[in-house]
Amino acid sequence: MSFHQEKKKHVAVCGGGLVGALNACYMARRGYKVDLYEMRPDIRTMKVVRGKSINLALSCRGREALKRVGLEDAVTKYGIPMHARMIHDLNGRRRPILYGTKDQYIMSIDRRLLNEIMLSAVEKFPDVEIHFSHKLTTCNFETGEATFENEQGHKVTKQFDLIIGCDGAYSAVRKQMMKLSRFDYQQTYIPHGYMELNIPPNSQNEFAMEINYLHIWPRNEYMMIALPNLDKSFTTTLFMPFEMFEAITTEEKLIQFFKEEFPDALPLLGQEELIKTFMSSKALPLITVKCHPYHVNNKAVLLGDAAHAMVPFYGQGMNCGMEDCIILDEILDAYENDFSKALPAYTKKRNPDAKAICDLAMYNYIEMRSKVNTTSFLIRKKLDNLLFKIFPKTWVPLYTMVSFTRIGYQEAIQRREWQDQVLTRCLTVLGITGVVGLGVMTYQLSQNYVHWSERVQNILSQFGMVY
Ligand SMILES: Cc1cc2nc3c(=O)[nH]c(=O)nc-3n(C[C@H](O)[C@H](O)[C@H](O)COP(=O)(O)OP(=O)(O)OC[C@H]3O[C@@H](n4cnc5c(N)ncnc54)[C@H](O)[C@@H]3O)c2cc1C
Ligand SMILES: Cc1cnn(-c2ccc(OCc3ccccc3)c(C(=O)O)c2)c1-c1ccc(Cl)c(F)c1
């Protein structure tokens with residue numbers, strides 16, 4: 001090796017899910033030698049892949065991350081744009097509210113297909129190897145050694161320049177970090193669980209609802225959403241307290257519940273299919289995880305849910321994790337691949353934003369659970385869109401900043417807090433002004449009324465009529 005030729009960095013990406021597969025592309029593009037370890041078998045060869053939501057919403061941050069490794073078109077050609085939310089009320093009325101202009105839409109993407117596309121993209125890079133059915137068990141943050149166990153229980157230990165934990169909300173890499181002092185960790189399971197249902201194509205084999213919409217049934221304690229699939233079905237996710245899931249013990253109770261809470265969805269779901277799916281499924285838990293720091297020495301770093309798992313009530317978990325790949329890549333450029341400088345800088349840059357979106361997703365969950373039914377959802381969103389039209393530079397709806405820009409999550413929330421203060425003040429002033437104004441107007445009207453009624457009476461009296 002010549003004096004000037006730097007030794008090629010050798011990294012281990014642990015976890016071949018949505019963020020790990022993408023990050024492996026980023027690391028390979030940097031010219032690193034990449035070993036990607038995924039504890040599951042190759043999903044591209046599996047008939048059924050169990051796991052999280054069947055489809056998910058891809059928005060600006062995730063798209064930009066895909067774009068930078070040349071995957072945006074490969075993914076979005078299989079995506080279904082959702083230009084608006086479609087709010088379903090109890091009477092079955094559906095109200096669309098646009099997300100913004102025609103180029104401001106989120107996309108419904110099949111999770112498995114997205115993962116497969118990225119795994120296949122990884123394999124195209126030189127000096128990259130994917131090790132399926134290899135589970136990370138332990139790692140040494142002093143030496144960079146990591147041990148993986150395969151299906152036969154055989155263990156292999158290798159040494160790396162960097163261990164990148166993309167192994168999800170229940171990360172093994174993070175578990176190793178938790179043994180270290182001054183590693184902060186916090187997790188919260190929420191009382192709600194989720195269950196995925198399916199709205200199949202209708203009898204004409206067409207979509208059973210409007211296609212390019214994120215369908216939302218806000219019912220305070222319960223929420224349901226539906227995202228379209230390429231096979232003309234809708235993956236419908238019911239969010240409900242576990243107690244409620246457990247209380248629905250018979251088919252009658254289930255049908256009665258949907259008749260009361262989601263009457264328009266019941267015929268689309270199909271009673272028999274709903275019963276079959278609901279009675280054979282278990283509601284799955286939802287967790288939020290926050291931790292700090294994201295790195296250890298110059299040997300390990302966390303991305304995606306391993307670093308910041310969030311409840312799915314803002315549709316940002318994957319988008320945030322994909323944006324992590326951009327942030328780390330930019331910082332590695334800035335510090336010329338010096339991990340001892342780049343990793344602390346990554347934690348410093350990313351941790352506040354990731355915590356902010358975790359908090360926002362949780363806030364939205366609490367908000368939707370307690371205060372959001374169709375009316376309040378509609379009012380809120382229409383007011384947001386109206387103020388955005390009037391003050392496009394200053395009043396950017398929070399959902400727009402989060403989903404259609406790469407404004408830092410923390411900044412987006414700070415700007416929203418300012419908006420809330422302004423709105424509260426305006427409404428207060430309007431309220432006070434309104435009351436005062438109403439008083440003045442009433443007085444004036446009463447004066448005018450007296451004046452007006454005198455005039456009418458004078459006119460009518462001239463005709464001998466009095467009313
Ligand atoms: C119901 C629901 C709806 C959602 N909807 C959206 C949405 O609309 N938009 C959005 O942006 N996000 C959404 N999310 C969040 C999104 O699913 C996650 O943020 C995203 O999957 C995180 O990707 P990840 O790669 O970090 O983790 P994961 O997708 O969990 O992948 C982790 C990978 O690591 C592997 N692994 C785990 N442990 C090990 C180990 N020890 N060794 C090796 N491999 C290991 C796993 O097998 C897996 O393949 C939703 C989540 C849920 C639950
Ligand atoms: C999967 C996905 C992608 N985006 N969103 C999303 C999230 C929040 C939203 O608004 C914030 C808000 C809603 C209601 C009241 C105040 C603020 C909007 C919107 O404005 O349309 C869209 C979701 C989603 C995920 C789960 C549930 Cl339960 C849900 F309803 C939607």
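Numbers here simply count residues along the sequence, with the first being 1.
Aromatic rings of Tyr99 and Tyr105 (six-membered ring for Trp) have centroids beyond the 6.0 Å cut-off, not under it. With ring centers used as reference points, Phe239 lies 6.0 Å or more from Tyr365.
Between the Tyr26 side chain and the Ala65 main chain, a donor and an acceptor come within less than 3.5 Å of each other. Judged purely by atom type and a 3.5 angstrom limit, Arg95 has no side-chain atom pairing as donor or acceptor with the backbone of Thr375. Panel note: side chain Asn205, backbone Pro201; no donor-acceptor pair is recorded below 3.5 Å. At least one donor-acceptor pair closer than 3.5 Å links the side chain of Asn212 to the backbone N or O of Pro81. Looking only at distances, no side-chain donor or acceptor of Arg94 sits under 3.5 Å from a matching main-chain atom of Met86. Of the possible donor and acceptor atoms, one in the side chain of Thr137 sits under 3.5 Å from a partner among the backbone N and O of Thr147. Checked by atom type and distance alone, the side chain of Thr288 pairs as donor or acceptor with a backbone atom of Ala309 at under 3.5 Å. The backbone N or O of Ile97 lies less than 3.5 Å from no partner atom in the side chain of Lys382, so there is not a single donor-acceptor pair. Judged by distance alone, the side chain of Asn229 and the main-chain N or O of Lys232 form no donor-acceptor pair under 3.5 Å. For Asn385 (side chain) and Leu98 (main-chain N/O), a donor-acceptor pair under 3.5 Å exists by modelled atom type.
Separating the OG1 atom in Thr236 from the CG atom in Leu268 is a distance of 8.5 Å, to the nearest 0.5 Å. With rounding to the nearest 0.5 angstrom, the CG atom of Leu58 is 12.5 Å from the CG atom of Asp110. A distance of 9.0 Å separates CG of Asp184 from CZ of Arg182, quoted to the nearest 0.5 Å. Atom CD1 of Ile54 and atom CZ of Arg111 lie 10.0 Å apart (nearest 0.5 Å). Between the CG atom in Leu343 and the CD1 atom in Ile331 there is a gap of 9.0 Å [rounded to 0.5 Å]. Rounded to the nearest 0.5 Å, atoms OG1 (Thr101) and NE2 (His83) are 10.0 Å apart.
For Tyr189, the OH atom counts as densely surrounded, since its 6.0 Å shell holds more than 12 non-hydrogen atoms of other residues, nucleotides or ligands. Within a 6.0 Å sphere centred on NZ of Lys349, heavy atoms belonging to other residues, nucleotides or ligands number 12 at most.
The pair Lys276-Glu273 meets the salt-bridge criterion, since a charged nitrogen lies less than 4.0 angstrom from a carboxylate oxygen. A salt bridge does not link Glu116 with Arg44: every distance from a Lys NZ or Arg NE/NH1/NH2 to an Asp or Glu carboxylate oxygen is 4.0 Å or more.
Test Glu260, Lys253, Lys259 against Gln256 for side-chain hydrogen bond (donor to acceptor under 3.5 Å, both in side chains) and you get one pass: Glu260.
Here the side chains of Pro228 and Met82 are in contact, with some heavy-atom distance below 4.5 Å. With a 4.5 Å cut-off on side-chain heavy atoms, Tyr399 and Tyr314 count as touching. No side-chain heavy atom of Asn198 sits under 4.5 Å from any side-chain heavy atom of Thr277. At least one side-chain heavy atom of Met362 sits under 4.5 Å from a side-chain heavy atom of Thr188. Side-chain atoms of Pro218 and Thr374, non-hydrogen and from C-beta on, do get closer than 4.5 Å to each other. A heavy-atom distance below 4.5 Å is found between the side chains of Leu90 and Arg219. Between Met224 and His88, every side-chain heavy-atom pair lies at or beyond the 4.5 Å cut-off. Two residues are said to be in side-chain contact when any heavy atoms from C-beta on lie closer than 4.5 Å; Glu221 and Arg369 meet this criterion.
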What's the verdict on side-chain contact (heavy atoms from CB on, under 4.5 Å) for Ile255 and Leu274, showing C-alpha distance, side-chain angles and the deciding distance?
CA-CA 8 Å; Ile255 298 306; Leu274 172 61; 4.2 Å; yes
When you look at Val69 and Leu22, which way does the side-chain contact (heavy atoms from CB on, under 4.5 Å) test go after all the steps?
CA-CA 8 Å; Val69 287; Leu22 181 65; 3.6 Å; yes
One pair to check against side-chain contact (heavy atoms from CB on, under 4.5 Å): Ile390 and Trp395. What are the steps and the verdict?
CA-CA 8 Å; Ile390 300 167; Trp395 194 279; over 6 Å; no
Determine, stepwise, if the pair Gln316 / Ser59 fulfils side chain to side chain donor-acceptor pair (under 3.5 Å).
CA-CA 8 Å; Gln316 280 298 310; Ser59 46; 3.0 Å; yes
Could you walk me through whether Val19 and Asp305 pass the side-chain contact (heavy atoms from CB on, under 4.5 Å) check?
CA-CA 8 Å; Val19 175; Asp305 276 18; over 6 Å; no
Check step by step if salt bridge (Lys or Arg N to Asp or Glu O under 4.0 Å) holds for Asp353 and Arg406.
CA-CA 11 Å; Asp353 276 331; Arg406 288 202 55 221; over 6 Å; no
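For the residue pair Ala146 and Ile163, the shortest heavy atom distance occurs at CB-CD1, 4.1 Å. The minimum heavy-atom distance between Arg85 and Ile87, with the atom names listed, is CG-CD1, 3.6 Å. Scanning all heavy atoms of the two residues, the minimum distance from Ala306 to Ser171 falls at CB-CB, 3.5 Å. Of all non-hydrogen atoms in Leu36 and Gly15, the two that sit nearest each other are CD1-O, 3.3 Å. Between Ala74 and Ile117 the shortest heavy-atom distance is O-CD1, 3.6 Å. Annotation for Met401 and Val396: closest pair CE-O, 3.3 Å, computed over non-hydrogen atoms.
Between the side chains of Asn351 and His292, no donor N or O sits under 3.5 Å from an acceptor N or O. Looking at Ser403 and Gln104, their side chains never bring a donor and an acceptor atom within 3.5 Å of each other.
Using a 30° and 60° split on the angle between ring planes, Tyr346 and Tyr294 fall in the tilted class, from 30° to 60°. Below 30°, between 30° and 60°, or above 60°: for Phe148 and Tyr37 the angle between ring planes is below 30°, a parallel geometry. Taking the six-membered ring where the residue is Trp, Phe262 and Trp217 present perpendicular rings, their angle passing 60° and hence far from 30°.
For the pair Arg61 and Tyr409, the cation-pi test (distance below 6.0 Å, angle within 45°) is passed. Within the cation-pi definition used here (under 6.0 Å to the ring centroid, within 45° of the axis), Lys381 qualifies as a partner of Phe377.
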